[in-house]
Each structure stands twice: as C-alpha cells, then as structure tokens.
Amino acid sequence: MGSLLESEGYEVLLAGDGRAAHDIAIERPVDLVLSDVRMPELDGMALLERLMQLAPQTPVIMMTAYGTVDTAVDAMRMGAWDYLLKPVQFDDLLLKIKRALDYSEITRDRQILTDQLAEDSTFHNVVSESPIMLRLFEQVRKLSTVKSNVLLSGASGTGKELFARAVHYNGITRAKPFVPINCGGIPSALINSELFGHRRGSFTGAVKDKIGYFEVANGGTVFLDEISSLPLDVQSILLRVLEDRLVIPVGDTHPRPIDVRVIAASNVDLDAMVARGEFREDLLYRLNVVHLTLPTLAERKCDIPLLTHHFITKFTRQMNKDAVGVTNGAMRSLISHQWRGNVRELQNVIERAIIFVEGNMIRVD
Ligand SMILES: Nc1ncnc2c1ncn2[C@@H]1O[C@H](COP(=O)(O)OP(=O)(O)OP(=O)(O)O)[C@@H](O)[C@H]1O
Ligand SMILES: [Mg+2]
C-alpha cells in the first residue's frame with residue numbers, strides 16, 4: 001500500500017505499529033494518518049485518541065475489517081475523519097485521502113475557518129462517489145480560477161444550491177459575498193428593485209434608497225435560483241446588466257459598475273421555455289457559459305449507502321444521539337426506493353429515522 005501511494009505522488013512514512021506512528025507524529029507534522037485498528041503495542045483506537053490531542057487538525061482514516069462496522073462508528077465518534085473497510089479498495093482509498101487532504105487545506109485557511117457558512121459549503125459536504133458526480137467535481141475544480149457564469153440544472157433536491165456554493169467557495173470568489181436569491185419567491189413587481197436596487201420615491205413604498213442584491217454581491221456571486229420564474233421584462237434587464245456590467249437602480253439615471261458572477265439554477269427545461277418564447281435565448285446563452293447537470297438520485301443509486309451514512313452521522317451528532325447502523329433489509333429498501341425528491345427526500349427520511357430510532361439499528365418500517 002505504501003508503494004502504491006508513493007506511485008501516486010504521496011510521501012509515505014511507514015510505521016510498524018501504533019507506538020512507532022505516534023513517535024513519528026511527535027517528531028514532525030504529517031498531513032494525514034492512515035491507521036489499522038488492530039496493531040501491536042498501541043492499537044488504532046488508542047493511537048487515534050492520542051493523535052486527537054497531539055494534532056487534532058490532522059485527518060485520521062481508520063481501516064477496519066469487514067464486519068466490524070461498530071469499530072468504524074466508534075472511531076468516527078472519537079474524531080476519525082473517515083474509515084475504510086478491509087479489504088481496502090485502492091480507488092476508494094485514494095478518493096478518501098484526496099477528500100481528507102482537500103478538506104484540511106481548506107481548514108488551514110483561516111478566513112474560511114472563521115466562516116461557518118463557507119465551511120458548510122465546501123466540497124466535503126457534497127457526498128458522492130458516483131462517476132457522474134466525480135466528473136462534476138472535476139469541472140467545479142476547473143472553475144476555481146475563473147468567474148464564468150454557470151447554469152445548474154437538475155430536478156428538485158439534487159443539490160443545485162450545494163453545488164452553487166461549492167463553485168463559489170472553492171474559487172477565487174470565496175472571500176466575497178455569495179448572495180442566494182430565490183427568483184420564484186419575490187413578487188414580480190418587486191424583482192427589479194430587489195435585484196438592482198431603487199431610489200427613494202421611485203414607487204409607492206420605496207421610502208428610502210435601497211441597494212440591490214447585485215450590488216451587495218459585488219466581487220462575488222449572485223445565485224439566481226429558479227431562474228425560470230423571472231418575468232420577461234426582468235430577463236431583458238438582467239441581460240443588459242450582464243452585457244454592460246452596470247446596474248441602474250429603479251428610479252435612478254446613474255449606472256453603477258458591478259463585477260459579479262451569476263450562477264443560475266433551474267429544475268425546468270429552459271430550452272423548452274425558449275422554444276415557447278417564455279425565456280430569452282440570448283440570456284440563456286449568457287448564463288450558460290458552463291452548464292452542469294445534476295443527476296437524480298435514481299441515476300446514482302451507488303451513492304445511497306454513502307449518503308445514508310453521511311446523514312446518519314450528521315443527525316446523530318446534531319441530536320446528540322448514539323451512533324446507529326442500518327439493517328441490510330432497510331438498506332435494500334433505501335436503495336430500491338424511487339426518490340422523486342432526490343437527496344433532500346433521503347435526508348428527510350434519515351432525519352425522521354434518527355428521531356424515532358429505537359436501539360442501535362435503523363430497520364424497515
Ligand atoms: N451530494 C450531496 N451530499 C450531501 N448532501 C447533499 C447532496 N446533495 C444534496 N444534499 C443535501 O440535500 C438537500 C437538497 O439540496 P439542494 O438544496 O442543494 O437541492 P436543490 O437542487 O437546490 O433543490 P431544489 O430544486 O428543490 O431547490 C440539501 O440539504 C443538501 O445539503
Ligand atoms: Mg434549491
């Protein structure tokens with residue numbers, strides 16, 4: 001395993017047992033620890049406990065034998081970053097190492113460490129191992145150095161907002177505002193002034209000057225959720241804003257320069273709307289510089305066990321409950337379910353299960 005990792009470009013320090021590993025960790029900082037559970041001298045759990053005191057920022061990945069998932073759960077509760085079941089699949093190992101290292105690079109960044117929102121929004125929250133999603137991660141990574149507009153499509157609950165945040169917080173915009181706007185949630189008469197601002201007295205109710213969301217987001221990202229619900233007249237204004245990089249607040253005559261990236265999301269087919277004359281084609285081109293399509297959960301069933309465990313960990317921690325597992329029968333029915341509400345529905349089901357669970361296993365009910 002050591003030489004395989006070296007061939008991937010990692011510097012590997014081998015330790016014969018837990019004590020030797022502990023000695024290395026005292027001597028020099030390491031970026032990641034990969035540890036067996038059963039070891040002579042100092043076993044994996046004892047090592048983990050010491051590492052948590054010595055270097056709590058260092059991610060520890062525990063390797064446990066198949067059938068000892070309980071140990072894995074214990075390790076996670078003690079602060080392990082992740083676990084691998086033996087026999088270890090090398091692809092799986094690489095993926096988990098990469099994810100752990102990406103995460104610790106992020107936590108090393110003070111600015112982000114202090115920004116809980118950013119913390120919640122970076123990649124480690126986007127759980128997936130399916131090839132379609134990994135390709136999307138790769139695309140997001142490529143976007144990290146540019147401020148191109150992005151269009152996200154996908155059914156409800158597939159993670160569009162999560163991806164929008166990942167694009168923002170993984171990129172050069174991360175220190176600037178991320179401003180989410182639900183276009184469907186603003187009365188159409190107010191959209192223009194909400195987005196671009198207004199001057200006092202420009203309409204009944206405009207009692208003072210107001211800065212629009214685009215100006216609030218200056219330098220960063222505006223996330224236009226449900227872009228399909230923008231009325232055509234506002235679509236025209238938005239197009240002009242994107243072309244001229246200027247906003248003119250309602251009732252004002254002075255344009256103001258802005259520099260924002262737009263990430264738009266839609267769960268309806270915008271091409272079809274264009275064909276029906278309900279969405280401006282030129283605006284679609286502007287938004288659609290990069291197009292990411294999120295798969296439904298049914299298209300990536302292989303992620304269901306992973307997401308299930310992710311949400312179990314999340315909710316047991318949140319509710320301060322003991323770790324629980326899932327019976328094989330329950331997992332089978334989770335995998336075969338249709339999931340029309342996609343990841344959000346799965347998340348809700350697990351949340352409910354954790355609230356009502358009796359004993360330490362989630363069963364079919
Ligand atoms: N791959 C994932 N890993 C972990 N959590 C996820 C993943 N995808 C989605 N979620 C979670 O599922 C929920 C729904 O995701 P999100 O709000 O991003 O979906 P959406 O596509 O914007 O849905 P809608 O169209 O209904 O607004 C969120 O709580 C999000 O954190
Ligand atoms: Mg959404």
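Read the numbers this way: they start at 1 and go in the same order the structure lists the ligands and their atoms. What you see below is based on every heavy atom in this structure, not just the backbone, and it leaves out hydrogens, waters and symmetry mates.
- Comparing S266, P180, G157 against atom 24 (P) of ligand 1, the shortest heavy-atom distance belongs to G157.
- Using the six-membered ring where Trp is involved, F214 and F196 have ring planes that are tilted, between 30° and 60° apart.
- There is a side-chain donor-acceptor pair under 3.5 Å between R261 and T221.
- Remark: ligand 1 atoms within the under-4.0 Å shell around heavy atoms of N267 are 25 (O).
- Note on ligand 1: G154 sits outside its first shell, no heavy atom being nearer than 4.0 Å.
- At a heavy-atom distance under 4.0 Å, no atom of S128 approaches ligand 1.
- At a cut-off of 3.5 Å, with distance as the only test, a side-chain donor of S128 or D303 sits close to an acceptor on the other residue.
- Here atom 9 (C) of ligand 1 lies nearest to V343 when heavy atoms of N342, D225, V343, L346 are compared.
- Between D17 and L42 there is no side-chain heavy-atom pair separated by less than 4.5 Å.
- At a 4.0 Å cut-off, not a single heavy atom of F163 sits close enough to ligand 1 to count as contact.
- Note: an N/O pair closer than 3.5 Å links S156 and ligand 1 by distance alone.
- Set against the non-hydrogen atoms of G159, the atoms of ligand 1 under 4.0 Å away are 8 (N), 9 (C), 15 (O), 16 (P), 18 (O), 19 (O), 20 (P), 21 (O).
- The heavy atom nearest to atom 7 (C) of ligand 1, out of those in L136, T158, L162, N348, is found in L162.
- The aromatic rings of F311 and F315 lie tilted to each other, with the angle between the two planes from 30° to 60°.
- Of the heavy atoms in L307, only side-chain atoms (C-beta onward) come closer than 4.0 Å to ligand 1.
- Looking only at side-chain heavy atoms (C-beta outward), L152 and T293 stay at 4.5 Å or farther from each other.
- In this structure, K96 forms a cation-pi arrangement with Y83, its terminal cationic atom sitting closer than 6.0 Å to the ring centre and no more than 45° off the ring axis.
- There is a side-chain donor-acceptor pair under 3.5 Å between E299 and T296.
- Only the side chain of F311 comes within contact range of ligand 1, with a heavy atom under 4.0 Å; no backbone atom does.
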